[in-house]
Visitor: 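Right, I'll just put the structure down here and ask away after.
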Amino acid sequence: MADKTVIGNTTFQSRAYGKRENKVINISGAVQFDLLHVLLRDYKLRSYTLNSVSYHFLKEQKEDVQHSIITDLQSGTDQTRRRLAVYCMKDAILPIRLLDKLMCIINYMEMARVTGVPLSYLLSRGQQIKVVSQLLRKTILQDLILPSQKIEVGDEYDGATVLDPVKGYYKLPIATLDFASLYPSIMMAHNLCYTSLLTKKAAAELEPTDYIITPCGHSFVKASIRKGLLPEILEHLLTARKKAKADLKKETDPFKKKVLDGRQLALKISANSVYGFTGAQVGKLPCLEISSSVTAFGRQMIDRTKQLVEDKYNIKNGYKYDAKVIYGDTDSVMVRFGADNVAESMDLGKEAAAFVSEHFVQPIKLEFEKVYFPYLLISKKRYAGLYYTKPETYDKMDCKGIETVRRDNAPLVARLINNCLQKLLIDRDPDGAIAYTKNIISDLLCNRIDIAELVITKELTKTEDDYSNKQAHSVLAEKMKKRDAGSAPKLGDRVPYVIVAGAKGAKAYEKAEDPIYVLENSIPIDTKHYLEHQLMNPLMRIFEPIIGEGKTSNVLFKGEHTLVKTLVTAKVGGLARFAKKMATCIGCRAVLPKGHENSSVCQHCKPRESELFQKEITSLHALEEKFNKLWTQCQRCQGSLHEDVLCTSSDCPIFYMRKKVQKDLLHQDGVIQRFGDFEW
DNA sequence: TAATGGTAGGGGAGGAAAGGTAAGACGTAT
DNA sequence: TACTGATACGTCTTACCATTCCTCCCCTAC
């Protein structure tokens, strides 16, 4: 007998995944596997609409039909109902294709098997349940019972050390040494577990050789006396991962290769979340003695590593150069050995990794991972460089923390910075980068940048009332709710917006607007805001170390390219409401005298009227051609060349272009109309 | 209600507070 | 000579601004 299916509300909240409100239904005998949740958890994207995700992974789009049109389509003709059906079918087929392509089911099944939780838990619950499940698997073998602890909120504990970076642009290879699975290996090496934790009293009764005292003053009994559960779980996970990695290397079939890769990834994630579990204060079994000891060991180790490397690799000890640790974060150190070629740096890196590993308890191991050459170190957690794993060629350009990998800026910024870095790091062509940047700035100020490139998105992490400061995306979300509650962003959604021209001194949240609304109402963009608040600082940060402090600002932001601004006037709000539009001459833009408002040109330009008419006709044709191209492209996308385009996909650059050209076309048509009585 | 991995850190934006300046108010001397 | 009004000038208050600092918020590194 099947249960009655009912709809319920759930909220899920965690620091990693944010807060979301969902509807749930119970279906007996079937596992519900929501692709949206998979994507939200596993991929960091600028937008999570089916359209945008499909384009991202499958390079395929679907028609986006606004909910208000659906009723019209249904109650229309056979033809419109057919379109609705196609739309619905696409809605169903795309998720399946995505599931397939991303191998979601396979990876999630692997995870479920490794951690021992039902498949549905992986999407409806957090990380903790997986660790609890593994703990229970172990405790049952040892006849232990997991206590049901009352949750009490304690203080936060100290985390990892981030070494102060020696900022700058490095033209010498920088070797990177990493501890492999740092926190799990610390827990294994020092036998840190609930079952090995000693009270002060218990420690006093033991021989000093039987237990260790961690850097933050907690005592744990050694594995020889009693081996902890957590180290056992971790061992199991990491040996399984090693095996999966070895199998992965042997495997030739690309499909099975992906499966094994998914498996080893799942194992890595599980191992890492064991530490997080002990530090999760709002959790099943928090144990800050363990988590704070783990981080304390980590802090000690990174300082030690820095010292060991710098003390050994110097001219005094017979090496060619003095090595210098220029940066390090949690489990890694970046070393400038001084060698000027990648191969030599790699050799030194490998040697140093082996040397340092000797100084730590098994299974802690420092590994040589890669060389950056050249390397641009901007600040803590922000750097870029060419990534070498073999001496011959670089594998990729690696960017950490900077605008190219962040989702909370305009795509224009990410693209510009990325291209500049390519020119600076790969081509080593600062002049080319500067010229390119100037071009883009000029394009921006002249309104030649496509609006899709200017859309900023931010996640709505709480409801309006919970925000103590006004934020652009939350204020806009509220505004959109008033316009149309159905399509407005909800809690946990990413809100797209652009900054439009507004009164002088207006706050950003007053100038944020829905991109589609902007298009439909031809609201001008505040290009200056984009230059000053989006482009300027990131550009300064990457250019300054390379072309020199002080002069960057002059080179990039002063000069002709910033003067070609076209004046834009707002059509809504501000003073614009009181301004009266005057008819101007199409030839010279002079204001037409009273009584002549309907003419096309002024007296002065009259002789050139036919020439001007030709010019306007030409640009009309150009626009028409452009529009036709975009229209056909959209028709192709919707899969029929015989029907109107209804799509309003706010993630599609073509949609924005089509809308813009449509507006331009209308305007141009108006211009032509003014020549009305022109005689040939 | 039950359930929600961790800390470190950069950087943009808003908002309060402290600081600077010009205009006006007021008093005084001539 | 006494009184009054006009003017100039200095000091204080006030309103308005730009700047600084702190906090919130988002996102990322590990």
Side-chain angles (χ1 to χ4, degrees), chain A residues 8-20 41 44 46 121 124-132 148 151 153 155-165 167 176 178-179 181-183 268-288 290-292 294-296 298-299 302 327-333 378-383 398-409 413 456-462 466-475 494-495 499 505-512 529 532-534 536-538 540-541:
Chain A
N9 293 309
T10 57
T11 58
F12 181 89
Q13 185 175 11
S14 89
R15 233 182 265 188
Y17 301 132
K19 191 174 175 182
R20 289 210 144 248
R41 285 178 180 227
K44 299 220 168 273
R46 280 180 183 263
Y121 277 22
S124 62
R125 310 271 304 257
Q127 294 286 346
Q128 295 203 35
I129 190 69
K130 294 191 259 183
V131 184
V132 172
S148 163
I151 295 163
V153 182
D155 289 332
E156 283 193 342
Y157 61 93
D158 286 343
T161 301
V162 182
L163 297 179
D164 272 333
K167 299 175 193 176
T176 308
D178 282 41
F179 284 105
S181 306
L182 179 71
Y183 287 174
K268 182 188 168 185
I269 294 166
S270 300
N272 282 336
S273 55
V274 172
Y275 149 75
F277 176 76
T278 64
Q281 296 188 40
V282 223
K284 272 263 184 276
L285 207 59
C287 182
L288 296 196
I290 296 177
S291 49
S292 61
V294 169
T295 56
R299 289 196 295 273
I302 193 167
Y327 177 56
D329 187 347
T330 311
D331 64 348
S332 66
V333 286
I378 296 169
S379 62
K380 285 183 175 181
K381 299 188 190 285
R382 296 188 150 227
Y383 57 82
D398 201 22
C399 296
K400 288 289 158 79
I402 52 184
E403 284 68 21
T404 51
V405 296
R406 293 184 66 89
R407 298 175 292 170
D408 55 353
N409 51 35
V413 182
I456 301 166
T457 68
K458 281 202 174 113
E459 189 183 317
L460 199 60
T461 55
K462 39 189 145 183
D466 294 337
Y467 281 101
S468 55
N469 286 356
K470 294 207 170 185
Q471 299 282 313
H473 63 299
S474 82
V475 172
R494 296 189 67 82
V495 186
I499 302 291
K507 302 276 186 217
Y509 63 80
E510 297 171 77
K511 299 197 282 182
H529 179 277
E532 287 171 1
H533 292 82
Q534 289 266 312
M536 241 174 182
N537 287 341
M540 290 288 277
R541 283 193 288 269

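Computation of the quantities below employed the complete heavy-atom set of this structure, encompassing side-chain atoms and omitting hydrogens, waters and symmetry-equivalent molecules.
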Visitor: Do A:Ile290 and A:Tyr275 come close enough that some side-chain heavy atom pair is under 4.5 Å?
Guide: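 SC-SC contact between A:Ile290 and A:Tyr275 ruled out.
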Visitor: How many angstroms lie between CD1 in A:Ile456 and CZ in A:Arg494, if you round to the nearest 0.5 Å?
Guide: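 The CZ atom of A:Arg494 is 11.5 Å from CD1 of A:Ile456, to the nearest 0.5 Å.
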Visitor: Going by purine N1 to pyrimidine N3 plus the second Watson-Crick contact, or the G-U wobble pair, all under 3.5 Å, which nucleotide sits opposite B:dA3?
Guide: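 With both distances under 3.5 Å required, B:dA3 matches none.
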Visitor: Report which part of the nucleic acid A:Phe179 touches: base, sugar-phosphate, or nothing (heavy-atom distance under 4.0 Å, all strands).
Guide: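 No contact.
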Visitor: From the options A:Gln534, A:Arg46, A:Lys458, select the one residue that forms a side chain to side chain donor-acceptor pair (under 3.5 Å) with A:Asn409.
Guide: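 That would be A:Arg46; it is the only one of A:Gln534, A:Arg46, A:Lys458 passing the side chain to side chain donor-acceptor pair (under 3.5 Å) with A:Asn409.
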Visitor: Return the polar atom pairs (N/O with N/O) between nucleotides 13-17 of chain B and the protein under 3.5 Å, or none.
Guide:
from   : atom 1 : to       : atom 2 : distance (Å)
B:dG14 : OP1    : A:Ala508 : N      : 2.9
B:dG14 : OP1    : A:Tyr509 : N      : 3.3

Visitor: Would you kindly give the CG-to-P distance between A:Asp466 and C:dC25, to the nearest whole Å?
Guide: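 So the two atoms are 9 Å apart, to the nearest Å.
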Visitor: Anything under 30° is parallel, anything over 60° is perpendicular, the rest tilted; go ahead and classify A:Phe12 against A:Tyr17.
Guide: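 Taking A:Tyr17 first and then A:Phe12, their aromatic rings sit tilted (interplane angle of 30° to 60°).
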Visitor: So does A:Arg494 get a side-chain nitrogen or oxygen closer than 4.0 Å to the phosphate oxygens (OP1/OP2) of C:dC26?
Guide: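 Answer no for this pair, as no side-chain N or O of A:Arg494 is under 4.0 Å from OP1 or OP2.
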Visitor: What nucleotide among B:dA3, C:dA29, B:dG11 has an atom nearest to a side-chain atom of A:Lys284?
Guide: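 Among B:dA3, C:dA29, B:dG11, the one nearest the side chain of A:Lys284 is B:dA3.
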Visitor: Closest to the A:Ser379 side chain: B:dG5, B:dG12, B:dG11?
Guide: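 The listed nucleotide nearest to A:Ser379's side chain is B:dG11.
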Visitor: Under 4.0 Å between any heavy atoms, over every strand shown, what does A:Asn409 touch: base, sugar-phosphate, or nothing? Just pick one.
Guide: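 Touches nothing.
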Visitor: If you look at every strand shown and take non-hydrogen atoms under 4.0 Å, does A:Tyr157 touch a base, only sugar-phosphate, or nothing?
Guide: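 It contacts sugar-phosphate atoms only.
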Visitor: Cation over ring, A:Lys462 on A:Tyr467, under 6.0 Å and within 45°?
Guide: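 Verdict for A:Tyr467: a cation-pi partner in A:Lys462.
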Visitor: How would you label the contact of A:Val405 with the nucleic acid (heavy atoms, under 4.0 Å): base, sugar-phosphate, or nothing?
Guide: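 Here A:Val405 touches the backbone only, sparing every base.
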Visitor: Answer with base, sugar-phosphate or nothing: what part of the nucleic acid does A:Gly159 contact at a heavy-atom distance below 4.0 Å?
Guide: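 The residue A:Gly159 makes sugar-phosphate contact but no base contact.
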Visitor: Do A:Leu460 and A:Ser474 come close enough that some side-chain heavy atom pair is under 4.5 Å?
Guide: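 Side-chain contact under 4.5 Å: yes.
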